[in-house]
Amino acid sequence: MNKLIIVLMFSIGFNVSLSANEREGYSGTTKELPTGSKAISTNGLIAAYDFESYTSDGLLRDFSPLGNHAKLTKIHSTTGLFGKALAFSEKEDVAIIPNSSTFNLTGPITVAAKLKISTPNLHQHIFACNDLFVLWITKSNKYKLADTQGQGFTTPKNVEAVVKGKWHSVVAILSANKGDILNKENIKIFIDGVQMEGTYKKAWSPSELVAVNACVIGGTRTGEQSHQDLQFEGVIDELQIYSRAFSDNEVKAYSNGGL
């Protein structure tokens, strides 16, 4: 009888612990909690935007310790998952991050964002840091994390992951370094916490961070003009960039909240 009680007590305690961990979900970027969750480490945090906070001189506030505040060409504030967010609909609707060596990342990298797509079937950039890495959605509604030489990972066509007017959590992770052959273990994209299958192209081959307007939210301002003319059409909230790869628990934490 005593053994049974001990086993039951251990089992109940273990379940309570799991439930507590599961409750460490995502509650939104703040000054006190720049990662949005106690389960996500601030280690390697390059930038964190809540898309509703601004500096005294009107820049989109970065809550990381690095102060990578971004300049908005236009401000279209709208309802987000946590307070306000920013809507993008034209090629002029971008947030340009001032030139900073902190974005000189060739790997590992994590890009995490909450997205609501207004117009599927468009080639549209979520975050680009030329000529190093970019996360975008293709015309066939595939997500792609790649270097700017075209090497990277592409999800299959997935209508459910790009549903018009529906929020999604997107976490793109590169644990590879420059020159590594890409595979399912070192480059990943998670949609709403689920790892996507997809295709891998060659080795990770970033070039060099361009000198001006290298890193842009909602578009790009370098490279081919045809790419600069592409607009993101939707709402972006809670964008975060890290110079490391998220753990599985951090992916779950980021994806568990707001949707």
Side-chain angles (χ1 to χ4, degrees), residues 18-19 21-27 29 35-41 43-46 48 81 105-117 120 123-129 132-147 150-164 166-178 180-206 234 236-259:
L18 282 179
S19 297
N21 286 337
E22 289 171 356
R23 285 196 296 270
E24 290 283 21
Y26 194 84
S27 58
T29 298
T35 67
S37 171
K38 293 180 180 178
I40 302 175
S41 171
N43 180 38
L45 181 62
I46 300 298
L81 286 171
L105 306 176
T106 58
I109 300 164
T110 296
V111 180
K114 309 282 188 178
L115 306 174
K116 183 168 67 172
I117 305 302
H123 182 156
Q124 45 192 327
H125 296 86
I126 300 165
F127 182 78
C129 220
L132 295 178
F133 62 97
V134 58
L135 175 64
W136 81 88
I137 303 172
T138 71
K139 285 185 177 180
S140 54
N141 299 323
K142 300 175 182 179
Y143 286 88
K144 186 164 186 173
L145 174 64
D147 59 36
Q151 320 301 323
F153 171 70
T154 308
T155 67
K157 181 177 181 179
N158 190 330
V159 177
E160 294 302 319
V162 191
V163 176
K164 180 179 179 180
K166 181 179 179 181
W167 283 100
H168 290 288
S169 166
V170 180
V171 180
I173 301 172
L174 173 76
S175 56
N177 290 288
K178 186 174 182 177
D180 288 348
I181 301 298
L182 298 174
N183 57 60
K184 68 183 298 183
E185 300 302 325
N186 62 19
I187 188 167
K188 307 172 183 179
I189 293 179
F190 294 80
I191 307 296
D192 300 334
V194 178
Q195 184 176 351
M196 298 289 102
E197 297 294 329
T199 57
Y200 308 86
K201 189 174 181 181
K202 300 183 180 180
W204 189 253
S205 305
I236 302 178
D237 203 0
E238 302 296 318
L239 175 69
Q240 298 180 2
I241 315 295
Y242 294 80
S243 61
R244 63 175 179 85
F246 263 17
S247 69
D248 288 346
N249 285 337
E250 288 175 315
V251 172
K252 290 177 182 177
Y254 182 86
S255 304
N256 180 23
L259 301 179

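This one's a predicted model, so the numbers in the text were calculated from it and none came from an experiment.
With a 4.5 Å cut-off on side-chain heavy atoms, F133 and V111 count as touching. E238 places none of its side-chain heavy atoms less than 4.5 Å from the side chain of L81. With contacts defined as side-chain heavy-atom distances shorter than 4.5 Å, the pair K188/F153 does not qualify. Looking only at side-chain heavy atoms (C-beta outward), L182 and L174 come within less than 4.5 Å of each other. Contact check for I187 versus S175: no side-chain heavy atoms found under the 4.5 Å cut-off. Proximity of I109 to L132: side-chain heavy atoms (C-beta onward) are nowhere separated by under 4.5 Å.
For S140, the side-chain hydrogen bond (donor to acceptor under 3.5 Å, both in side chains) partners at least two apart in sequence or on another chain are T138. For the side-chain hydrogen bond (donor to acceptor under 3.5 Å, both in side chains) test, residues two or more places apart in sequence or in another chain that qualify with D192 are H168. Here S169 pairs with S255 under the side-chain hydrogen bond (donor to acceptor under 3.5 Å, both in side chains) rule; sequence neighbours left out. Annotation: ring-ring contact (aromatic ring centres under 6.0 Å, His included) contacts of Y143 (sequence neighbours excluded): none. With sequence neighbours left out, the side-chain contact (heavy atoms from CB on, under 4.5 Å) criterion links S27 to L33.
Cation-pi geometry between K114 and Y254 is met: under 6.0 angstrom from the ring centre, within 45 degrees of the axis.
Rounded to the nearest 0.5 Å, atoms CG (L145) and CD1 (I189) are 5.5 Å apart. Taken to the nearest 0.5 Å, the CD atom of E250 stands 4.0 Å off from the CZ atom of R244. A distance of 8.0 Å separates CD of Q195 from CD1 of I173, quoted to the nearest 0.5 Å. With values rounded to the nearest 0.5 angstrom, I40 atom CD1 is found 10.5 Å from N249 atom CG.
Considering every non-hydrogen atom in both I181 and N183, the closest pair reads O-ND2, 3.6 Å. H125 and W136 get closest at one heavy-atom pair: CA-CB, 3.7 Å. Minimum interatomic distance between I46 and S243 (heavy atoms only, all atoms of both residues): CG1-N, 3.8 Å. Closest heavy-atom contact between G150 and D147: N-OD1, 3.0 Å. The heavy-atom pair separating G193 from V251 by the smallest distance is CA-CG1, 4.4 Å.
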Note to self: Please determine whether side chain to side chain contact (heavy atoms under 4.5 Å, CB included) holds for the pair T35 and Y242, giving the CA-CA distance in whole Å, both sets of side-chain angles, and the decisive distance to 0.1 Å.
What the structure shows: CA-CA 10 Å; T35 67; Y242 294 80; 3.5 Å; yes

Note to self: One pair to check against side chain to side chain contact (heavy atoms under 4.5 Å, CB included): I236 and L115. What are the steps and the verdict?
What the structure shows: CA-CA 5 Å; I236 302 178; L115 306 174; 3.9 Å; yes

Check: Would I117 and Q124 count as a side chain to side chain contact (heavy atoms under 4.5 Å, CB included) if you check the C-alpha gap in whole Å, the side-chain angles of each, and the deciding distance to 0.1 Å?
Finding: CA-CA 10 Å; I117 305 302; Q124 45 192 327; 3.9 Å; yes

Next item on the list: Please test V170 against I191 for side chain to side chain contact (heavy atoms under 4.5 Å, CB included), starting from the C-alpha separation and ending with a verdict.
Entry: CA-CA 5 Å; V170 180; I191 307 296; 3.9 Å; yes

Pair up each side-chain donor or acceptor in residues 196-205 with any protein partner under 3.5 Å, not counting sequence neighbours, and list the distances.
| from | atom 1 | to | atom 2 | distance (Å) |
| --- | --- | --- | --- | --- |
| W204 | NE1 | T106 | O | 3.0 |
| S205 | OG | A203 | O | 3.1 |

